[in-house]
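Contents: one structure, followed by commentary.
Order of appearance sets the numbers: ligands from 1, and atoms from 1 within every ligand.
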Amino acid sequence: MKVTVTGIKADVGSIGGHICPSEELLAAVEKTVAERGKGLIIDHRLNYTGDDVAILMTHDRGVDDEDVHRLAWDAFLAGTDVAKAEGLYGAGQDILKDAFSGNTRGLGPAVAEMEFDERPNEPFLMFTADKTEPGAYNLPLYLAFSDPMYNAGLILSPTGGKGYRFTVMDVDHSEGDRVIELVTPEDAYDLAALLRDNGRFVVESIHSRHSGDIAVSSCTTRLRNIARKYVGKDDPIMLVRTQKNFPATGEILAPFEICHYVSGFMRGSHIGPLMPVKARSSVSFFDGPPVVSCLAFSVRNGKLTGPVDAFDHPYWDWVRERAAEKAHGVRQQGFSGPAMLGIHDLEYVGISHRLDALDERFSVRRGSS
Ligand code: F6R
Ligand code: MG
Ligand code: MG
């Protein structure tokens with residue numbers, strides 16, 4: 001059967017700062033999806049990562065379905081009502097528009113969805129990250145889909161060896177979707193030239209060149225482009241199908257052990273290592289570090305089995321310790337140099353105001369040029 005998997009994620013309020021949602025908030029979201037989703041969706045699951053709630057839904061209505069998106073929107077509104085009643089911080093933070101207009105894209109919540117012909121055995125992963133931006137997935141995707149050092153399947157599997165087609169979006173462009181398609185291995189260097197810039201170029205989807213099937217759908221939402229001001233980092237969601245013509249689950253997970261430095265962390269204005277955490281983890285140190293969780297599912301006729309928590313394993317405990325060391329390392333230098341983002345990427349205006357005020361106090365020494 002043709003199934004659609006839709007993941008929609010939003011921060012609608014959290015306890016004690018930007019730490020995690022309350023049980024009551026989660027219950028309100030769950031109740032709305034369960035009750036109002038009857039007859040519309042086939043199955044669903046809820047997760048949270050840091051202060052963001054993710055709703056995963058399966059259905060047969062295709063991507064960008066108005067009713068499915070409205071269901072998630074209404075569930076987040078129900079969560080927002082609870083957040084307000086409980087005095088949670090940032091209640092309704094990612095509900096950036098007053099009214100639903102047919103699709104949650106561009107309204108604040110992050111969306112990743114894909115429609116595909118279900119294989120007889122269909123494994124997929126849902127990644128959700130907090131205190132970072134959509135480009136945080138660029139490096140793990142590049143390595144898992146184009147580097148045999150991480151994905152042995154590129155040389156061991158005849159189908160994986162045909163390479164992949166990446167669709168990359170220029171998220172700085174706000175008048176329409178500016179996208180490019182590049183294929184690996186031929187375009188690997190061009191792809192790297194784009195994907196090194198996580199703030200601007202973001203992998204939107206990846207397809208198998210062997211079968212043409214979709215392997216990855218990742219969100220490309222930039223809240224700042226919607227709200228025209230900082231309202232929180234973009235905290236991306238991503239769906240990845242695995243095995244057979246696609247990389248194995250373990251090949252997709254492997255690059256996450258790097259805990260590469262990404263933008264986000266405190267006030268969305270620093271760099272920090274992306275720490276793979278167990279599902280339903282909060283954030284703490286310096287409002288971070290940036291975290292990513294991964295739930296693994298199987299789906300048959302749209303019915304989900306799982307999740308299994310892909311980062312809940314002793315190996316990842318060791319990785320988390322290394323991520324903490326990397327976080328500690330960069331935090332030792334506070335605001336200095338690359339520890340804090342460049343002036344154009346800062347999510348707060350305090351430094352710009354200071355520089356503006358200092359500007360008139362500068363003088364150019366006579367005869368110094
Ligand atoms: C939120 C985040 C946090 C906040 C910080 C200050 O996603 O990254 O680090 O930016 O806690 O929050 P405000 O400015 O709301 O007091
Ligand atoms: Mg928040
Ligand atoms: Mg968040």
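Any N or O atom pair closer than 3.5 Å counts here, and Arg267 shares at least one such pair with ligand 1. Among the atoms of Asp51, none of the N or O lies under 3.5 angstrom from an N or O of ligand 1.
Using a 4.0 Å cut-off between charged side-chain N and carboxylate O, Asp309 and Lys278 make no salt bridge. The existence of a salt bridge linking Lys2 and Glu115 is excluded, since no basic side-chain nitrogen approaches an acidic carboxylate oxygen closer than 4.0 Å.
A cation-pi arrangement is present between Arg322 and Trp318, with the terminal nitrogen or guanidinium carbon under 6.0 Å from the aromatic centre and inside a 45° cone about the axis.
For the Mg ion (ligand 2), the nearby protein N/O/S atoms, meaning those under 2.8 Å, are Asp11 OD2, His18 ND1, Asp51 OD2.
Using the six-membered ring where Trp is involved, Phe297 and Phe124 have ring planes that are parallel, under 30° apart on the 30 and 60° scheme.
When distances from the Mg ion (ligand 3) to the N, O or S atoms of Asp130 are compared, OD1 comes out shortest. Residue-level check: among N/O/S atoms of Asp235, OD2 sits closest to the Mg ion (ligand 3).
Atom CE of Met149 sits in a sparse spot, with 12 or fewer heavy atoms from other residues, nucleotides or ligands closer than 6.0 Å. Heavy-atom contacts from other residues, nucleotides or ligands closer than 6.0 Å to NZ of Lys326 number more than 12.
Under the side chain to side chain donor-acceptor pair (under 3.5 Å) criterion, the residue pairs touching residues 81-91 are Ser22-Glu86, with sequence neighbours excluded.
At a 4.0 Å heavy-atom cut-off, ligand 1 does not touch Glu347 at all. With a heavy-atom cut-off of 4.0 Å, Tyr348 touches ligand 1 through its side chain alone.
Here the side chain of Asp213 pairs no donor or acceptor atom with the backbone of Phe116 at under 3.5 angstrom.
Remark: ligand 1 atoms within the under-4.0 Å shell around heavy atoms of Met266 are 9 (O). Of all atoms in ligand 1, numbered sequentially from 1 with element shown, those under 4.0 Å from a heavy atom of Gly268 are 8 (O).
Minimum heavy-atom separation, His210 to Ser208: N-OG, 3.0 Å.
The side-chain heavy atoms of Tyr142 and Leu191, taken from C-beta on, include a pair separated by under 4.5 Å.
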